[in-house]
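For reference, the structure discussed in these notes is given below.
Computed from a predicted structure; not experimentally measured.
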Amino acid sequence: MLRISCLTVATLILTAAALADDTASHPFATTAARGNIHRVLIDVSEGDVRIRNGAPDRIDVRGIATRRYDGSERRQKAQAIADGISAEVVIDGDEAIVKRHYGPGAQSWSARSFHSQIELTVEIPPGVDVELWTRYGDIDIEGVFGNIDADLRAGDVEIRTPRANVRDLTASVSIGEVHTYLGDHFIENEGVFPRTARFHNAAGKSKVNAHATFGDVHVTLTR
């Protein structure tokens, strides 16, 4: 009987914990004509960002906004906030800026706090420069781009791009691990202030910088 009671209590605790932290979600999508764009800036300070090559004539953004809440009575408010969060593409000269958009239901400070999360997939024409202002989250980049600059405070960076396209690569962390595959050999460093992995190819064009203050950096240069 005691065992059954303990199992019952454990089940109730787990169920209560699950109910105490529910999530409202809102999928979204937007697009912008490529025009004269030569660089895409991801101006999203927190979140998970996935970047791939897409159509040559436009920039496509899709994702999901989520909002955590505690208790069923807060579900409606949380959903209204999630529905008010999306992304937009702002064109400034030859630069496209991808940033969060807060609609009428998400104007409060709380709506912009850590309780609200965003996941983005950005499809960019081949050869365009990519700069990320994301500081907390995970970054996943795969494709053929111009220069790539990613500098996280906390999280993981993963980049897969053709070796022939890269002129200079630097991959580093302050605390964590650096794993790089340069097409013919591996460089793996880890610990506190591990050595920076570097690569130079005079025939390449792009500069790739990947750094995390606390986290892991994985770079694969494909053949």
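Take His179 and apply the ring-ring contact (aromatic ring centres under 6.0 Å, His included) test, not counting sequence neighbours, and it matches His218. Contacts of Ala154 classified as side-chain contact (heavy atoms from CB on, under 4.5 Å), with partners at least two apart in sequence or in another chain: Tyr136.
For Ala65 against Ala82, the heavy-atom pair with the smallest separation is CB-O, 4.0 Å. The nearest pair of heavy atoms linking Gly155 to Ala212 is O-CB, 3.8 Å. When all heavy atoms of Ala150 and Leu132 are compared, the closest pair comes out as CB-CD1, 3.9 Å. The two residues Ala111 and Ile85 have their closest heavy-atom pair at O-CD1, 3.8 Å. Pairing each heavy atom of Arg58 with each of Thr31, the nearest pair is CD-OG1, 3.5 Å. Annotation for His26 and Ser86: closest pair CE1-CB, 4.4 Å, computed over non-hydrogen atoms.
A 4.5 Å side-chain heavy-atom check between Ile97 and Val89 finds every atom pair outside the cut-off. Between Ser108 and Lys77, the closest side-chain pair of non-hydrogen atoms is not below 4.5 Å. Between Glu46 and Arg135 the shortest side-chain heavy-atom distance does not fall below 4.5 Å. A 4.5 Å side-chain heavy-atom check between Leu120 and Val98 finds at least one atom pair inside the cut-off. Considering only heavy atoms from C-beta on, Ile37 comes within 4.5 Å of Ile59 through its side chain. In this structure, Pro194 and Val173 have side chains that are in contact, with non-hydrogen atoms separated by less than 4.5 Å. In this structure, Ile159 and Thr220 have side chains that are not in contact, with every pair of non-hydrogen atoms separated by 4.5 Å or more.
A donor-acceptor pair under 3.5 Å links the side-chain atoms of Asn53 to the main chain of Val144, judged by distance alone. Ser45 contributes no side-chain N or O that, together with a main-chain N or O of Thr134, makes up a donor-acceptor pair within less than 3.5 Å. Remark: side-chain polar atoms of Asn147 are paired, donor with acceptor, to backbone N or O of Lys207 under 3.5 angstrom. Judged by distance alone, the side chain of Thr66 and the main-chain N or O of Ala24 form no donor-acceptor pair under 3.5 Å. Listed for the Asp216 side chain is a donor-acceptor partner under 3.5 Å among the backbone atoms of Glu177. Distance alone, capped at 3.5 Å, is enough to place a donor-acceptor pair between the Asp138 side chain and the Asp156 backbone. In this structure, the side chain of Arg167 engages the main chain of Ala202 through a donor-acceptor pair within 3.5 Å.
The OG1 atom of Thr170 sits 13.5 Å away from the NE2 atom of His200 when rounded to the nearest 0.5 Å. In this structure, OG1 in Thr213 is found 6.0 Å from CG in Asp151, a value given to the nearest 0.5 Å. In this structure, the separation between CZ on Phe145 and CZ on Arg39 is 15.0 Å, given to the nearest 0.5 Å. Taken from NE2 in His211 to CG in Leu152, the straight-line distance is 9.0 Å, to the nearest 0.5 Å.
A salt bridge links Asp140 with Arg160; the closest basic N to acidic carboxylate O contact falls under 4.0 Å. Looking at Arg62 and Glu123, a side-chain N of the basic residue comes within less than 4.0 Å of a carboxylate O on the acidic one, giving a salt bridge. Between Arg52 and Glu142, at least one side-chain N (NZ, or NE/NH1/NH2) sits under 4.0 Å from a carboxylate O, which counts as a salt bridge. Salt bridge present: Arg163 and Asp184 bring a charged side-chain N and a carboxylate O closer than 4.0 Å. With respect to Arg50 and Asp48, no salt bridge is recorded, no charged nitrogen being found less than 4.0 Å from a carboxylate O.
Applying the 4.5 Å side-chain rule to ILVMFWY residues, one finds Phe186 in the same cluster as Tyr181.
Linking ILVMFWY side-chain heavy atoms closer than 4.5 Å, directly or via other members, places Ile91 and Val40 in a single hydrophobic cluster. Hydrophobic clustering (ILVMFWY, side-chain heavy atoms < 4.5 Å, transitive): Ile64 and Ile51 are in distinct clusters. A continuous path of hydrophobic side-chain contacts links Phe28 to Val49 [ILVMFWY only; heavy atoms under 4.5 Å].
Using modelled atom types and a 3.5 Å distance limit, the side chains of Thr23 and Arg68 yield no donor-acceptor pair. Side-chain contact annotation: Asn209 with Asp149, donor-acceptor N/O pair under 3.5 Å present. A donor and an acceptor atom, one from each side chain of Arg75 and Tyr69, are located under 3.5 Å apart.
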Tell me, with the steps shown, if Ile187 and Leu182 meet side chain to side chain contact (heavy atoms under 4.5 Å, CB included). CA-CA 8 Å; Ile187 298 177; Leu182 305 180; 3.7 Å; yes
Using side chain to side chain contact (heavy atoms under 4.5 Å, CB included), reason through Leu221 and Leu169 one step at a time and then give a plain yes or no. CA-CA 10 Å; Leu221 301 185; Leu169 163 70; 4.2 Å; yes
Using the side chain to side chain contact (heavy atoms under 4.5 Å, CB included) rule, take Ile81 and Gln79 through it: C-alpha gap first, then chi angles, then the decisive distance, then the call. CA-CA 5 Å; Ile81 291 175; Gln79 188 62 60; over 6 Å; no
Trace of the side chain to side chain contact (heavy atoms under 4.5 Å, CB included) decision for Val166 with Thr161: CA-CA 8 Å; Val166 176; Thr161 193; 3.7 Å; yes
